[in-house]
Amino acid sequence: MHQLAIALLHQGYIVTGSDDEITDPAKGNLERAGILPNQHGWFPEKITKDIDAIVLGMHAKAGNPELLAAKQAGIPIYSFPQYVYEVSKNKKRVVIAGSHGKTTITSMVMHILKQQGIQFDYLVGARVAGFDQSVQLSDAPLIILEGDEYPASVEEKRPKIFFYHPDISVLSGIAWDHINVFPTYDIYFNQFEQYLAGLKAGVTLFYNNEDAEVRRLINTSGGKLSCKPYNTPPFHYENGEAILDTENGEVKVSVFGRHNLLNMQAAIDVCVALGVSKANCYKAIASFTGAARRLEKIKEELNLLVYRDFAHAPSKLKATLDAVKEAYNTYHVIACFELHTFSSLNEQFLTEYAHSMDAADEAIVYFSHHALSLKGLPELKTDVVKKYFERKDLQVFSNKQQLENHVKNEVANSSKPVFLLLMSSGTFDGIDWNGVSSHKN
């Protein structure tokens, strides 16, 4: 939302906004743009008929006083995706959808197009190297959209992806998520059924041919779409670096892991469909270093690599760990995962995590009682969490100081080089991981 506000400001609009709490990075970005609200809270008296449009964030409640005032004044109200479509309906639209890999594929497409000097707008869910913001709107004829299946707003509870109406789309995978909105897997799966059903005839759909659930969906979706499968490209590793074996020869890339190379293939297919040659795609993708918090290196020293990843759903967890273990098989892999989302902290959903951390040499799970309280969930016991992961030597912590001390000790006393993988959509309650070192004090 704050990135959209800044993008509109850059277009010359007068932009204001409200929230009951604003934290970094939004706070700092809004402050630098000169549009940080003077105070937190809701001020219905500021909602006047001089306003041309209201863009409603998905966390605003139905009784929000500013929303009620806007309705009473008859001001047009848009959810985030509805507004993005409204300003991009005359552009060619590419939508990256699916349960996982969306941000990475979107970032890769953006990187290739920028390298080719192609003008485009975009919406992406992370900071991407080479781009100043995560939302850009201009008069470019093309827009690249990361498509989320989460509800658009309290006023419009259908998934965001329903509103973008793409000309080209990607379906990267289907794995149950957002249990607070989609209480069963069947309900979740049905959102993607509806998404495909709502696409206009002839839309090009690149789909993950290695995902059984995606194939099941494609096989039952009818023949109105131009469905094109993609698979992991041929590759090999040399000293932990992935090298694509292409028709143009070997191409060394900066990301690793089968799931990321699968994402890369999807991005290349999209860019070829947009008119970029395969040779230029390979040349461009070689310099792609990743999106923020997507297998992102945050520290390197002798005998220690520290990476962080946004992985939180079971399928993401397993894919990331398998990738690390395959590329860095001489390292002692310590995987530290934070239960942070509503789904991951919900005991009903924890069964989905069985064996998801088996690839790690040492597996650690952390959750905070504060996060449970904020989400209105009942208390969890560490032994209950351990049971659901079905790994007997799993370490479970609910005290951040104990977690930090344990990880520091394990890293410093390892007899092998350590790959520390930090997986969370949160921050492990603000732990500063720079203090982790392979050098004993």
Side-chain angles (χ1 to χ4, degrees), residues 94 96-116 168-175 204-216 218-219 226-291 294-297 305 307 309 311 315-331 333 359 419 421:
V94 177
I96 314 300
S99 302
H100 42 70
K102 296 186 293 291
T103 300
T104 300
I105 297 170
T106 306
S107 302
M108 288 174 170
V109 171
M110 290 166 56
H111 180 84
I112 294 171
L113 294 180
K114 184 176 182 180
Q115 293 289 307
Q116 294 301 301
I168 298 172
S169 188
V170 171
L171 186 54
S172 65
I174 301 175
T204 298
L205 176 70
F206 295 103
Y207 68 92
N208 178 0
N209 194 43
E210 297 178 12
D211 187 306
E213 290 298 274
V214 170
R215 291 198 307 271
R216 177 165 75 93
I218 296 298
N219 289 337
S226 176
C227 296
K228 301 179 184 295
Y230 66 90
N231 296 276
T232 304
F235 75 100
H236 65 278
Y237 283 116
E238 290 182 12
N239 300 318
E241 292 183 311
I243 299 174
L244 301 181
D245 302 312
T246 80
E247 59 267 45
N248 299 87
E250 293 186 347
V251 178
K252 185 187 292 185
V253 293
S254 297
V255 297
F256 64 91
R258 292 176 181 273
H259 66 303
N260 273 329
L261 300 179
L262 183 65
N263 292 335
M264 186 175 288
Q265 186 61 58
I268 289 171
D269 287 349
V270 167
C271 290
V272 169
L274 292 172
V276 182
S277 71
K278 268 194 176 181
N280 283 335
C281 287
Y282 290 134
K283 183 179 178 180
I285 206 64
S287 60
F288 176 77
T289 55
R294 270 68 180 179
L295 263 181
E296 177 187 25
K297 186 194 296 182
L305 284 171
Y307 276 70
D309 192 75
S315 59
K316 298 175 185 176
L317 207 61
K318 186 178 187 307
T320 300
L321 273 169
D322 287 346
V324 169
K325 196 60 185 172
E326 182 179 32
Y328 292 89
N329 56 16
T330 61
Y331 281 68
V333 176
F419 192 113
L421 179 60

**Message:** How about NZ on K318, more than 12 heavy atoms from neighbouring residues, nucleotides or ligands closer than 6.0 Å, or not?
**Reply:** no

Which heavy atom of [X] sits nearest a heavy atom of [Y], and at what distance?
{"X": "Y237", "Y": "A323", "answer": "OH-O, 4.3 Å"}
{"X": "K316", "Y": "S99", "answer": "CE-O, 3.2 Å"}
{"X": "P233", "Y": "L261", "answer": "CD-O, 3.3 Å"}
{"X": "K325", "Y": "Y331", "answer": "NZ-O, 3.5 Å"}
{"X": "D211", "Y": "I174", "answer": "OD2-N, 3.2 Å"}
{"X": "A273", "Y": "F206", "answer": "CB-CZ, 3.9 Å"}

Looking at [atom1] of [X] and [atom2] of [Y], how far apart are the two atoms once the value is rounded to the nearest 0.5 Å?
{"X": "L205", "Y": "I218", "atom1": "CG", "atom2": "CD1", "answer": "4.5 Å"}
{"X": "L321", "Y": "D309", "atom1": "CG", "atom2": "CG", "answer": "9.0 Å"}
{"X": "L113", "Y": "N280", "atom1": "CG", "atom2": "CG", "answer": "11.5 Å"}
{"X": "F419", "Y": "L305", "atom1": "CZ", "atom2": "CG", "answer": "6.0 Å"}
{"X": "M110", "Y": "F288", "atom1": "CE", "atom2": "CZ", "answer": "9.0 Å"}
{"X": "F235", "Y": "R258", "atom1": "CZ", "atom2": "CZ", "answer": "4.0 Å"}

Heavy atoms, side chains only, cut-off 4.5 Å: are [X] and [Y] in contact?
{"X": "V255", "Y": "I285", "value": "no"}
{"X": "L274", "Y": "I168", "value": "yes"}
{"X": "I96", "Y": "M108", "value": "no"}
{"X": "F256", "Y": "V324", "value": "yes"}
{"X": "V170", "Y": "Y230", "value": "yes"}

**Item:** Non-neighbouring partners of H259 that pass ring pair (Phe, Tyr, Trp, His ring centres under 6.0 Å), sequence neighbours left out
**Value:** none

**Request:** Under the side-chain hydrogen bond (donor to acceptor under 3.5 Å, both in side chains) rule, collect the residues that match up with N209, sequence neighbours excluded.
**Result:** N231

Determine all donor-acceptor pairs shorter than 3.5 Å in which one atom belongs to a side chain in residues 264-272; sequence neighbours excluded.
unit_1 : atom_1 : unit_2 : atom_2 : d
Q265   : NE2    : D269   : OD1    : 3.0

[X] side-chain N/O to [Y] backbone N/O, donor-acceptor pair under 3.5 Å:
{"X": "E238", "Y": "I243", "value": "no"}
{"X": "K283", "Y": "A279", "value": "no"}
{"X": "S254", "Y": "S287", "value": "no"}
{"X": "T320", "Y": "L317", "value": "no"}

**Prompt:** Should the pair Y328 and Y307 be assigned to parallel (<30°), tilted (30 to 60°) or perpendicular (>60°) ring geometry?
**Reply:** tilted

